[in-house]
Chemist: 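Got a structure for you, written out below as structure tokens; questions coming shortly.
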Amino acid sequence: MYFKGDPDDMFSAMTPMSQEEMVECYWAGVDENPSSLADLYVDFHDFIHDFLFMEFASRLGASVFLFRRIAAASEEHLAQLSRAKESGSRRIRGWEYECDMMVDEDMYAVKDVETIGYGAVTVAAVAALEALAEDLITTDRPSGSSGLQQKFERLLPLLSLSSEGKTEVQAQVKKLANRRNSFAHSVTGHPWHTWRDPSKPPREKPIFDKESVSDTLFTVGRIAVVVDCHLDR
């Protein structure tokens, strides 16, 4: 929650900002307040009950920082390469076609780096949520190698949610787990076509672009807010 007061009166009462005002304030200072980068993605929720949630917000903010830097760098490089191709500044007489192909290869390389970077942001953001779940599980048994979905199976009974609410959380957690795992498979998998058991459904090709990463960040934030608001303390 953001607050506002009379700029001409330092002793004026502080009042909550509207949603529109908070969003406007966020974007106005987004490049100057890296510690507040997670605010938009948790709907300006105040994690004041537990240090663990504050640590989560810091980790989510780091993911947002990385996301913004990757997007900005990629857009800048692609714009430069696009201008070079349009102007022909990198062409050599008699080799125009080949020179344009080299520019295209550079653009492809930048886009490939962008995709890998967005995948890394996805992994980091989901890891922040998994670490939070790990810390909140009140049990004497360590979770061991259990994944995100398994941790939430143990965390959900601690939340005062309806069965429908818990089902929705499970669905969103599964989406995040699948998205993160698909990135891991795409990075470690073979670049060429390999034989797969025809009885198994084909693995969907992961999509890591600005829209999917933004959705991941918002989903991670929403789940954390639900946990904070319904955790039996």
Chemist: Could you tell me the separation between the OG1 atom of Thr122 and the CG atom of Asn181, rounded to the nearest 0.5 Å?
Modeler: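 These two atoms lie 11.5 Å from each other.
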
Chemist: Return yes when atom CD of Glu21 has more than 12 non-hydrogen atoms of other residues, nucleotides or ligands closer than 6.0 Å, and no otherwise.
Modeler: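 Yes.
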
Chemist: Looking at every non-hydrogen atom in both residues, tell me the closest pair between Lys85 and Val103 and how far apart they are.
Modeler: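 Reported closest heavy-atom pair: CB-CG1, 4.0 Å.
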
Chemist: Mind checking what makes salt bridge (Lys or Arg N to Asp or Glu O under 4.0 Å) contact with Asp46, not counting sequence neighbours?
Modeler: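 So Asp46 forms no salt bridge (Lys or Arg N to Asp or Glu O under 4.0 Å) with any residue.
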
Chemist: So, for Ser36 and Tyr26, which heavy atoms are closest and what is the spacing to 0.1 Å?
Modeler: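 What the structure gives for the nearest pair is O-CE1, 3.4 Å.
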
Chemist: State yes or no: do Trp27 and Met17 share one hydrophobic cluster built from I, L, V, M, F, W and Y residues joined by side-chain heavy-atom distances below 4.5 Å, directly or via other members?
Modeler: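 Both belong to a single hydrophobic cluster.
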
Chemist: Measuring from atom SG of Cys229 to atom CZ of Phe47, what distance do you get when rounded to the nearest 0.5 angstrom?
Modeler: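 Rounded to the nearest 0.5 Å, the SG-CZ separation comes out at 8.0 Å.
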
Chemist: What distance separates Arg222 CZ from Phe218 CZ, expressed to the nearest 0.5 Å?
Modeler: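 Result: 8.0 Å between the selected atoms.
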
Chemist: Can you give me the closest heavy-atom contact between Gly221 and Val42, atom names plus distance?
Modeler: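 Nearest heavy atoms, Gly221 then Val42: CA-CG1, 3.8 Å.
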
Chemist: Tell me the closest heavy-atom pair linking Val110 and Ser74, and the distance in Å.
Modeler: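 Closest approach of Val110 to Ser74: CG1-OG, 3.9 Å.
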
Chemist: Once rounded to the nearest 0.5 Å, what's the spacing between atom CZ of Arg154 and atom CG of Leu136?
Modeler: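 Taking CZ in Arg154 and CG in Leu136, the distance rounds to 12.0 Å.
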
Chemist: Sequence neighbours excluded, which residues qualify as ring pair (Phe, Tyr, Trp, His ring centres under 6.0 Å) partners of Phe152?
Modeler: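 Scan of Phe152 (ring pair (Phe, Tyr, Trp, His ring centres under 6.0 Å), adjacent residues dropped) gives none.
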
Chemist: In sequence, state the C-alpha distance, the side-chain angles, and the governing distance for Glu55 and Leu132, and then conclude on side-chain contact (heavy atoms from CB on, under 4.5 Å).
Modeler: CA-CA 8 Å; Glu55 179 66 19; Leu132 176 64; over 6 Å; no

Chemist: Please round to the nearest 0.5 Å and tell me the distance separating atom CE of Met107 and atom CG of Asp104.
Modeler: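 Going from CE on Met107 over to CG on Asp104, the span is 7.0 Å.
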
Chemist: Checking Glu153 against Gln149: is there a side-chain donor and acceptor pair closer than 3.5 Å?
Modeler: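 Checked: Gln149/Glu153 side chains show no N/O donor-acceptor pair below 3.5 Å.
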
Chemist: Can you name the residues that form a ring pair (Phe, Tyr, Trp, His ring centres under 6.0 Å) with Tyr108, not counting sequence neighbours?
Modeler: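 So Tyr108 forms no ring pair (Phe, Tyr, Trp, His ring centres under 6.0 Å) with any residue.
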
Chemist: For the hydrophobic clusters of this structure (ILVMFWY residues joined by side-chain heavy atoms under 4.5 Å, transitively), does one cluster hold both Leu155 and Phe51?
Modeler: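 Per the 4.5 Å side-chain linkage, Leu155 and Phe51 are not co-clustered.
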
Chemist: Where is the tightest heavy-atom contact between Phe208 and Ser182, given as atom of each residue plus distance?
Modeler: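 That would be CZ-OG, 3.8 Å.
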
Chemist: Decide yes or no for Glu211 and Asp209: does some side-chain heavy atom of the first lie under 4.5 Å from some side-chain heavy atom of the second?
Modeler: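 In short, these two side chains touch, coming nearer than 4.5 Å.
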
Chemist: Distance-only, no hydrogens or angles: does the Asn33 side chain make a donor-acceptor pair with backbone N or O of Ser35 under 3.5 Å?
Modeler: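 The answer is no, because no donor-acceptor pair under 3.5 Å joins these two groups.
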
Chemist: Consider side chain to side chain donor-acceptor pair (under 3.5 Å). Of Glu168, Lys174, Gln170, which one does Gln172 pass it with?
Modeler: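 So, applying the side chain to side chain donor-acceptor pair (under 3.5 Å) to Gln172 and each of Glu168, Lys174, Gln170, only Glu168 qualifies.
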
Chemist: Kindly determine whether Leu176 and Ile223 satisfy side-chain contact (heavy atoms from CB on, under 4.5 Å), including the steps that lead there.
Modeler: CA-CA 11 Å; Leu176 292 176; Ile223 292 175; 3.7 Å; yes

Chemist: First locate atom NE2 of His230, then atom CG of Leu156, and finally report the distance between them rounded to the nearest 0.5 Å.
Modeler: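 That separation rounds to 12.0 Å.
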
Chemist: Which pair of heavy atoms, one from Ala224 and one from Phe53, lies closest together, and at what distance?
Modeler: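 The answer is O-CE2, 3.6 Å.
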
Chemist: Any sub-3.5 Å donor-acceptor pair from Asp50's side-chain atoms to Leu52's backbone N or O?
Modeler: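 It does hold such a pair.
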
Chemist: Return a table of donor-acceptor pairs under 3.5 angstrom between the side chains of residues 61-70 and protein atoms on other chains or two or more places apart.
Modeler:
unit_1	atom_1	unit_2	atom_2	d
Ser63	OG	Arg59	O	3.3
Ser63	OG	Ala125	N	3.4
Arg68	NH2	Asp31	OD1	2.6

Chemist: Taking only residues two or more places apart in sequence or in another chain, which ones pass side-chain contact (heavy atoms from CB on, under 4.5 Å) with Lys111?
Modeler: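 With sequence neighbours excluded, Lys111 shows a side-chain contact (heavy atoms from CB on, under 4.5 Å) to Leu78, given in chain and number order.
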
Chemist: What do the steps show when you test Leu60 against Leu217 for side-chain contact (heavy atoms from CB on, under 4.5 Å), and what is the final call?
Modeler: CA-CA 8 Å; Leu60 180 60; Leu217 294 170; 3.8 Å; yes

Chemist: Have a look at Arg179 and tell me which of Val213, Val126, Thr216 forms a side-chain contact (heavy atoms from CB on, under 4.5 Å) with it.
Modeler: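 Only one of Val213, Val126, Thr216 forms a side-chain contact (heavy atoms from CB on, under 4.5 Å) with Arg179, namely Thr216.
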
Chemist: Does His77 have any ring pair (Phe, Tyr, Trp, His ring centres under 6.0 Å) partners at least two apart in sequence or in another chain, and if so, which?
Modeler: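 With sequence neighbours excluded, His77 shows a ring pair (Phe, Tyr, Trp, His ring centres under 6.0 Å) to no residue whatsoever.
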
Chemist: Is there side-chain contact between Phe44 and Gln19, with heavy atoms separated by less than 4.5 Å?
Modeler: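 SC-SC contact between Phe44 and Gln19 confirmed.
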
Chemist: Taking Gln150 for the side chain and Gly147 for the main chain, is one N or O donor matched with an acceptor at less than 3.5 Å?
Modeler: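 Pair found, side chain donor or acceptor close to backbone of Gly147.
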
Chemist: Is a side-chain donor or acceptor of Glu130 paired with a backbone partner of Ala128 at a separation under 3.5 angstrom?
Modeler: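 Flag not set: sc Glu130 to bb Ala128 has no pair under 3.5 Å.
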
Chemist: For a quick check under 3.5 Å, do Asp215 and Ser212 share a side-chain donor-acceptor pair by atom type?
Modeler: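 There is no such pair between these side chains.
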
Chemist: Given Leu148 and Val173, is the side-chain contact (heavy atoms from CB on, under 4.5 Å) satisfied, shown in steps?
Modeler: CA-CA 7 Å; Leu148 177 68; Val173 167; 3.7 Å; yes

Chemist: When you look at CD of Glu98, are more than 12 heavy atoms from neighbouring residues, nucleotides or ligands closer to it than 6.0 Å?
Modeler: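 Yes, enclosed.
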
Chemist: Could Lys210 and Glu114 be called an ion pair, given the rule that one side-chain N must be under 4.0 Å from one carboxylate O?
Modeler: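 Salt bridge absent between Lys210 and Glu114.
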
